[in-house]
Amino acid sequence: MVHPMGPWAEPAMGREGTLRSLAEAARRALRQWRTPADLEEARSLQWTLARQVRTEDGPACWRWVLGLDSAFVEGGRRIVAGAVLWDAAQRTTVHRWVALADVEFPYVPGFLSFRETPGYLRVMTQVDHPVDVLIVDGQGTAHPRGFGIACHIGVLLDWPTVGVGKSRLFGRHEAPAPNAGQWVPLWHPRTGAVIGAVLTTRPRTQPVYVSPGHRVSLERAIAIVLDCCDGYRLPEPQRQADQWVRQMRSQVSEKDPRP
DNA sequence: GCGACAG
DNA sequence: ATCTTGTCGC
């Protein structure tokens, strides 16, 4: 459960953990990155890396939450990746970063991470501030092979991550009550395992799909998302990252008009 | 074979 | 995701 002193008592990564740099981890992952040549290779990699996913919780605190989102430019040839650091204790935005990257993989349901991860890793190489957990726009374990983009990024960086999708990719579920905080489990169609939660974050509003990415349990993932919500459907880090990339996208578009 | 299908 | 105007409801 939650730490007796509340979610902001100590850094989520622990004293030692915060000494680790997210930027450094991102640079390492970026050097190792290699885009699969085809779906077979991508699928094989997902099955392999999925075994590295851990859904055990670390210290119960999530003061600094980094929201990630992206937008496409130049007819979808390049991607604008944005990161917004949210201080859950002060309820304020600490800083925002952007990065531009080439898109080298097509969008195929179930393989989103191969398309968007490079951009996210690039933005994160600039994050020079402690980060407790990452909120990624998309699924975590709520994926056909249990390896959505939130898991992929979490494993590559070995960092706590939570996946928050605006729609469903995989799994069955009933409709959650239309009250903020209400949720229902998202079940694996064949194994019956709980792979995520369908959470109502705002009254009478479409729910979001929450699932663990890495080093976070489903219960913790739900608590983090709810704690970051501020009256809108999406948790603040993600909502602001969405606005941020949209703003940067239009800025990039006017500077270099679509050919 | 026929749907479903994150962003 | 992106292409696009107005419109219904709290």
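Every chain is numbered from 1 and lettered A, B, ... according to where its sequence line falls, protein lines coming before strand lines.
As judged by a 4.0 angstrom heavy-atom cut-off over every strand, A/F111 is placed among the base-contacting residues. Using a 4.0 Å heavy-atom cutoff across all strands shown, A/G110 reaches at least one base atom of the nucleic acid. Note on A/A142: nothing from the nucleic acid sits closer than 4.0 angstrom, heavy atoms only.
Counting only Watson-Crick and G-U wobble pairs whose two distances sit under 3.5 Å, DNA chain C takes part in no stem of three or more pairs.
For the OP1/OP2 pair of B/dG7 and a distance below 4.0 Å, the side-chain nitrogens and oxygens of A/K166 include at least one atom meeting the criterion. The side chain of A/R168 places no N or O atom within less than 4.0 Å of a non-bridging phosphate oxygen (OP1 or OP2) of B/dA6. Between B/dA6 and A/Y107, a contact under 4.0 Å exists linking OP1 or OP2 to a side-chain N or O. The phosphate of B/dG7 (OP1 or OP2) has a side-chain N or O of A/S167 nearer than 4.0 angstrom.
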Intra- and interstrand pairs of DNA chain B - dot-bracket, Watson-Crick/G-U under 3.5 Å, | marks other strand
.......
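For the pair A/R115 and A/F105, the cation-pi test (distance below 6.0 Å, angle within 45°) is failed.
Side chains of A/K166 and A/L234 form a contact here, defined as non-hydrogen atoms less than 4.5 Å apart.
Map A/R249 and A/R204 each onto its nearest nucleotide of DNA chain C; the residue landing nearer the 5' end is A/R249.
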